[in-house]
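Below is one structure, written out as structure tokens; comments come after it.
Numbered from 1 within each chain, the chains take letters A, B, ... in sequence-line order.
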Number of protein chains: 2
Amino acid sequence: MADVNRGSNPLFLRDDDLREGIELLFFAYRDFTARPDAILAEYGFGRAHHRVIYFVGRHPGITVKELLAILKITKQSLARVLRQLVTKGFIEQHQGVQDRRQRLLHLTPRGEELEAKLTENQRSRIARAYREAGADAVAGYRSVLAGMVDDEDRERLNRPRPPS
Amino acid sequence: MADVNRGSNPLFLRDDDLREGIELLFFAYRDFTARPDAILAEYGFGRAHHRVIYFVGRHPGITVKELLAILKITKQSLARVLRQLVTKGFIEQHQGVQDRRQRLLHLTPRGEELEAKLTENQRSRIARAYREAGADAVAGYRSVLAGMVDDEDRERLNRPRPPS
DNA sequence: CGATTTACGTCAGCCATGTTGACATATATG
DNA sequence: CATATATGTCAACATGGCTGACGTAAATCG
């Protein structure tokens with residue numbers, strides 16, 4: 001129990017260290033979503049809308065199926081927020097060309113505007129944390145978090161558009 | 001736009017890098033909570049119960065007020081899950097000694113059992129990610145996430161019990 | 001070509017968990 | 001004694017998950 005923790009010793013798996021890691025994730029996520037949530041409320045939207053706007057912005061032309069795989073929610077849950085976003089003019093659906101069953105999703109200019117507004121806040125928060133922590137720390141952040149993500153999505157991370 | 005990203009160059013704040021950081025947080029959180037959520041469902045509980053059980057376990061004798069400050073939810077929201085946890089015998093409330101208005105919260109043996117079961121899963125997930133990434137990466141993970149947490153809670157992180 | 005699968009949508013209802021607002025009680029504090 | 005604090009409670013509402021059932025159009029398979 002002596003001093004087997006932080007530093008270069010690879011055996012840092014004390015319960016307290018692990019709990020700190022858990023809490024960091026909880027607090028960071030809590031504070032990371034607070035501002036966007038407040039902005040969304042002004043539009044009558046919620047966090048679910050943000051996720052949809054975010055990933056459609058990130059993957060223009062994404063299909064509903066792909067979006068469902070990312071969000072890991074049911075199509076009924078997605079349909080509800082998607083319908084609102086389409087109705088209010090933030091997202092457009094275009095029929096697929098190769099597969100006409102698909103509804104390819106795109107942000108409208110209005111959607112892009114909101115996306116930028118929402119994500120700007122998170123980008124600047126991350127940017128600040130990155131800057132303060134330094135490049136090596138960023139690499140560590142990335143590799144630890146990537147290690148927590150289930151395999152199926154790990155690949156998605158550095159490859160914005162799946163080969164479709 | 002050349003190669004100003006990962007490595008030792010401090011100017012890595014490209015939009016894509018920041019977005020990757022955002023997505024890492026989203027995916028890690030999503031996968032981090034999936035298993036505990038499934039276990040909780042067997043007890044008729046949800047994620048909110050987990051958070052209460054977790055922080056009461058982490059800070060035995062915590063007051064309701066302190067717990068509210070950590071969770072950042074309303075007392076009405078907390079009261080609902082707390083009542084269920086007390087009723088079902090997972091948490092005990094003891095009147096404070098110095099301040100008898102307080103209800104100090106403790107896990108019962110049964111509560112500790114569930115806490116262990118839930119958190120074990122997250123601990124092992126973190127432990128694996130820590131092991132695979134290495135000690136330096138862990139330090140980076142900690143410092144970047146800490147930088148994202150609002151000031152008021154940053155101090156809480158390495159100091160399990162506030163001076164109360 | 002016909003049967004089946006796939007992509008997507010929709011209706012209905014349920015549950016968990018957040019919110020606001022109002023009010024009550026016991027205790028501490030000035 | 002007046003006021004502030006810690007806690008609890010009732011009621012109503014919104015968001016965003018879920019299941020189950022059903023429908024349609026288009027692709028794919030045998």
Side-chain angles (χ1 to χ4, degrees), chain A residues 26 29-30 33-34 36-56 61-88 91-105 162 164, chain B residues 26 29-30 33-34 36-54 56 61-88 91-105 164:
Chain A
F26 168 73
Y29 196 85
R30 183 198 62 179
T33 50
D37 282 356
I39 296 169
L40 288 156
E42 298 168 15
Y43 291 76
F45 291 152
R47 196 176 294 183
H49 300 84
H50 186 189
R51 295 200 269 254
V52 171
I53 287 178
Y54 178 87
F55 283 108
V56 170
I62 192 174
T63 66
V64 172
K65 190 190 180 186
E66 288 166 345
L67 191 50
L68 286 173
I70 288 178
L71 299 175
K72 284 193 183 167
I73 58 176
T74 60
K75 66 174 175 177
Q76 295 92 326
S77 296
L78 175 58
R80 188 162 36 200
V81 302
L82 197 50
R83 196 184 319 130
Q84 295 168 339
L85 288 168
V86 170
T87 302
K88 294 194 180 173
I91 283 185
E92 281 176 354
Q93 295 170 302
H94 302 297
Q95 195 168 44
V97 271
Q98 285 156 21
D99 186 335
R100 293 188 307 174
R101 291 171 302 180
Q102 299 177 334
R103 299 298 147 87
L104 310 182
L105 306 173
S164 98
Chain B
F26 168 73
Y29 197 84
R30 184 198 62 178
T33 49
D37 282 356
I39 296 170
L40 288 155
E42 298 169 15
Y43 290 77
F45 292 151
R47 197 175 293 183
H49 300 84
H50 187 189
R51 295 200 270 254
V52 171
I53 286 178
Y54 178 87
V56 170
I62 193 175
T63 66
V64 171
K65 190 190 181 186
E66 287 166 345
L67 192 50
L68 285 172
I70 289 178
L71 299 174
K72 285 192 184 168
I73 59 175
T74 59
K75 65 175 176 176
Q76 295 92 326
S77 296
L78 174 58
R80 188 163 35 202
V81 302
L82 197 49
R83 197 184 318 129
Q84 294 168 341
L85 288 168
V86 170
T87 302
K88 293 193 181 176
I91 284 185
E92 281 176 352
Q93 294 171 302
H94 302 296
Q95 195 168 45
V97 271
Q98 286 157 21
D99 186 335
R100 293 189 306 175
R101 292 171 302 181
Q102 298 177 335
R103 299 298 148 89
L104 309 183
L105 306 174
S164 100

Original post:
For A:Lys88, which residues count as a side chain to side chain contact (heavy atoms under 4.5 Å, CB included) partner, sequence neighbours excluded?
Top reply: A:Phe45, A:Phe90

**OP:** Evaluate the side-chain proximity of A:Arg51 to B:Phe26: yes if any heavy-atom separation is below 4.5 Å, no if none is.
**Re:** yes

Subject >> Set of residues satisfying salt bridge (charged side-chain N to carboxylate O under 4.0 Å, His left out) with respect to A:Arg103, sequence neighbours excluded >> reply: none

**OP:** Using whole Å, report how far CG of A:Leu40 lies from C1' of C:dT19.
**Re:** 16 Å

Original post:
For the pair made of CZ in A:Phe45 and C1' in C:dG18, what is the distance, rounded to whole Å?
Top reply: 19 Å

Original post:
Knowing that exactly one of A:Val52, A:Ile70, A:Leu104 qualifies, which makes a side chain to side chain contact (heavy atoms under 4.5 Å, CB included) with A:Ile62?
Top reply: A:Ile70

**OP:** Any chance you could list the contact pattern along nucleotides 21-30 of chain C? Use B for base contacts, S for sugar-phosphate-only contacts and - for none, protein heavy atoms under 4.0 Å, 5' to 3'.
**Re:** BB---BBS--

Subject >> Any N/O donor-acceptor pair, B:Arg47 side-chain to C:dG18 base, under 3.5 Å >> reply: no

**OP:** Side-chain contact test, heavy atoms from C-beta onward, threshold under 4.5 Å: evaluate it for B:Lys75 versus B:Val64 and give yes or no.
**Re:** no

**OP:** Could you pick out which residue, B:Leu105 or A:Ser77, lies toward the 5' side of DNA chain D when each is mapped onto its nearest nucleotide?
**Re:** B:Leu105

Subject >> Any B:Thr74 side-chain N or O less than 4.0 Å from OP1/OP2 of C:dG18 >> reply: no

Original post:
Does a side-chain heavy-atom distance below 4.5 Å link A:Leu82 with A:Gln93?
Top reply: yes

Subject >> Any A:Arg51 side-chain nitrogen or oxygen under 4.0 Å from OP1 or OP2 of D:dG17 >> reply: yes

Original post:
Is A:His49 near enough to D:dG16 that one of its side-chain N or O atoms lies under 4.0 angstrom from OP1 or OP2?
Top reply: yes

Original post:
How close or far is atom P of D:dA6 from atom CG of B:Leu82, stated in whole angstroms?
Top reply: 16 Å

Original post:
Base, sugar-phosphate, or nothing for A:Gln93, non-hydrogen atoms under 4.0 angstrom?
Top reply: sugar-phosphate

Subject >> Between C1' of D:dA14 and CZ of A:Arg80, the distance in whole Å >> reply: 11 Å

**OP:** Nearest whole angstrom, please: distance from the P of D:dT15 to the CG of A:Leu85.
**Re:** 13 Å

Subject >> Nearest-angstrom distance from the residue atom OH of B:Tyr43 to P of C:dA16 >> reply: 16 Å

Original post:
A:His50 NE2 to D:dT15 P: how many Å, rounded?
Top reply: 17 Å

**OP:** Would you mind telling me which residue lines up with the more 5' stretch of DNA chain D, A:Ile73 or B:Ala79, judged by nearest nucleotide?
**Re:** B:Ala79

Original post:
How close or far is atom P of D:dT7 from atom CD1 of B:Ile62, stated in whole angstroms?
Top reply: 10 Å

Subject >> 4.5 Å side-chain heavy-atom contact, A:Glu92 and A:Leu105 >> reply: no

